[in-house]
Amino acid sequence: GQKHSMAHASLRPAGAIVDPALTASLPPALTAHSGLDAVCQAIESIWSIHATQDSLAMAQAALALTWQHLETAVHAPTPAARAAMARGAHLAGQAINLTQTTAPHALSYTLTSAFDIPHGSAVALTLGPVLAFNAQVTAADCTDPRGPEGVHSRLALIFELLGAANPTEACRLFQKKVEAVNCPANLSAAGITSADEIKQICAQVNLQRLANNPRRLTAGDIQELLVGIGD
C-alpha cells in the first residue's frame with residue numbers, strides 16, 4: 001500500500017528506442033493518464049529547485065509537444081500526434097531525471113495507492129493549485145537557492161508555453177485541458193469527498209519529493225490546498 005521511488009546510476013539506460021508505433025493501440029484513457037503525467041513532469045521540472053539550463057531545454061520542449069498534441073492523441077490519434085507525445089514524454093523523462101519531481105507528485109502517491117486514481121490523473125489533480133501556490137513565492141518561503149526571482153522567471157516560461165498571461169489563466173487552461181481528456185479536475189470528481197480522506201492524504205505526503213518544490217509547503221498549506229480543490 002505504499003509507493004516508493006528508486007534512484008541509482010545503474011538504472012539509467014545507455015540508450016533508448018522511442019517508437020511511437022508501439023503506442024498505436026493505447027486506449028484513450030491510458031493515453032490521457034500517461035500524457036498528463038508527461039505534461040506534469042515537464043511543468044514540475046521547470047519549477048524544480050534543481051532545474052538547470054540542460055533540464056530547462058528538455059522540459060520546455062516536452063511541454064510544448066505534449067500540451068499541443070495531448071487532446072488529439074486521446075480523441076483522434078494520428079501518427080503525428082503519437083510521435084509528438086512519444087517524443088515529449090521521452091524529453092519530460094530526461095528532464096525529470098535531472099531535477100526530480102515536486103509537490104504534485106508528492107501528493108499523488110496516496111491518491112494512487114489509497115484511492116486507485118491512475119498516476120497521471122492523480123498528479124494533474126493538484127498541479128494547477130500548486131502552480132497558483134508557487135506563483136506566490138516570496139523570499140520568506142522560497143526553497144530555491146536562486147531566490148524567488150528565479151522561480152518567477154521559470155514560472156513565466158510555463159505560462160508562455162500554456163498560452164497564459166498570468167497564474168490564474170494558466171490554472172484555468174490546465175483545468176480545461178484535464179477535463180478535455182476526460183479526467184477529474186477536482187477531488188470530488190475523483191471520488192474523494194470526506195474530511196477524513198483529505199486528512200489521510202495530508203498524513204502520507206512524500207516528503208522527499210515535496211522538498212524539491214520551490215515554495216515551502218507546511219501541513220496547513222497542504223490541508224488548505226486540498227480543501228480548496230475538493231469541488
Side-chain angles (χ1 to χ4, degrees), residues 5 7 35-70 84-85 87-108 120 122-178 205-218 221-222 224-225 228-229:
S5 296
L36 282 175
D37 188 32
V39 171
C40 293
Q41 283 184 344
I43 291 174
E44 289 184 61
S45 183
I46 292 172
W47 73 40
S48 170
I49 65 172
H50 303 297
T52 66
Q53 290 304 311
D54 288 341
S55 71
L56 282 171
M58 291 184 286
Q60 289 178 85
L63 183 54
L65 286 166
T66 55
W67 188 253
Q68 179 182 351
H69 294 280
L70 176 59
M85 290 302 298
R87 174 68 175 165
H90 175 65
L91 288 169
Q94 285 192 303
I96 215 70
N97 179 60
L98 295 175
T99 63
Q100 301 180 330
T101 52
T102 66
H105 271 77
L107 294 165
S108 77
V123 178
L125 272 173
T126 63
L127 189 130
V130 172
L131 186 155
F133 178 85
N134 286 343
Q136 300 299 316
V137 65
T138 67
D141 55 20
C142 183
T143 60
D144 193 313
R146 293 163 290 195
E149 295 80 7
V151 177
H152 286 301
S153 68
R154 297 200 305 279
L155 288 172
L157 295 175
I158 296 171
F159 302 155
E160 181 180 356
L161 288 164
L162 300 189
N166 52 57
T168 300
E169 187 178 6
C171 291
R172 179 183 63 79
L173 290 173
F174 186 83
Q175 180 173 337
K176 183 179 179 181
K177 182 75 70 174
V178 172
V205 177
N206 183 292
L207 298 179
Q208 183 181 23
R209 295 294 176 245
L210 194 67
N212 302 321
N213 202 66
R215 184 183 179 194
R216 186 178 300 105
L217 284 105
T218 65
D221 291 330
I222 295 172
E224 183 176 350
L225 186 147
I229 59 173

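Heavy-atom basis, side chains included; hydrogens, waters and symmetry copies ignored. Numbers here are sequence positions counted from 1.
A pairwise comparison of heavy atoms in Phe133 and Arg216 identifies CZ-O, 3.4 Å as the closest pair. Smallest separation of non-hydrogen atoms from His69 and Ala84: CD2-CB, 3.2 Å. Of all non-hydrogen atoms in Trp67 and Leu161, the two that sit nearest each other are CD1-O, 3.7 Å. The two residues Ala95 and Ser55 make their nearest non-hydrogen contact at CB-O, 3.8 Å. The two residues Pro104 and Thr126 have their closest heavy-atom pair at CA-OG1, 3.4 Å. When all heavy atoms of Ala106 and Arg209 are compared, the closest pair comes out as CB-CB, 3.7 Å.
Taking 4.5 Å as the limit, every side-chain heavy atom of Pro214 sits out of range of all side-chain heavy atoms of Val137. Ile46 has its side chain within reach of Leu56: a pair of non-hydrogen atoms, C-beta onward, lies under 4.5 Å apart. Counting heavy atoms from C-beta outward, Leu36 and Val123 have side chains that stay 4.5 Å or more apart. Here the side chains of Gln94 and Leu91 are in contact, with some heavy-atom distance below 4.5 Å. Using a 4.5 Å cut-off on side-chain heavy atoms (C-beta onward), Met58 and Leu98 make contact. Considering only heavy atoms from C-beta on, Leu131 comes within 4.5 Å of Phe159 through its side chain. The shortest distance between side-chain heavy atoms of Val205 and Leu217 does not fall below 4.5 Å. Using a 4.5 Å cut-off on side-chain heavy atoms (C-beta onward), Phe174 and Cys40 make contact.
The distance from the CZ atom of Arg172 to the CD atom of Gln175 is 10.0 Å, given to the nearest 0.5 Å. From Ser45, atom OG reaches atom CD1 of Ile96 across 4.5 Å, with rounding to the nearest 0.5 Å. Note that the CG atom of Leu65 and the CG atom of Leu70 stand 12.0 Å from one another [nearest 0.5 Å]. Here the CE-CD distance, from Met85 to Gln68, works out to 11.0 Å after rounding to the nearest 0.5 Å. Distance check: Leu225 CG to Thr218 OG1 gives 10.5 Å after rounding to the nearest 0.5 Å.
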- prompt: Can you check side-chain contact (heavy atoms from CB on, under 4.5 Å) on Glu44 and Leu127, steps first, answer last?
  reply: CA-CA 8 Å; Glu44 289 184 61; Leu127 189 130; 4.2 Å; yes
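Looking at Arg154, its side chain never comes within 3.5 Å of a backbone N or O of Ile49 through a donor-acceptor pair. A donor-acceptor pair is defined here as one N or O able to donate and one able to accept, closer than 3.5 Å; such a pair exists between the side chain of Thr143 and the backbone of Asn213.
By the neighbour-count criterion of 12 heavy atoms within 6.0 Å, atom CD of Glu160 is sparsely surrounded, having that number or fewer from other residues, nucleotides or ligands.
A salt bridge is absent between Arg215 and Asp221: the closest approach of a Lys/Arg side-chain nitrogen to an acidic carboxylate oxygen does not fall below 4.0 angstrom.
Exactly one of Thr101, Ile222, Thr102 qualifies for a side-chain contact (heavy atoms from CB on, under 4.5 Å) with Leu210. That residue is Ile222.
A donor-acceptor contact under 3.5 angstrom links the side chains of His105 and Asp37, judged on distance only.
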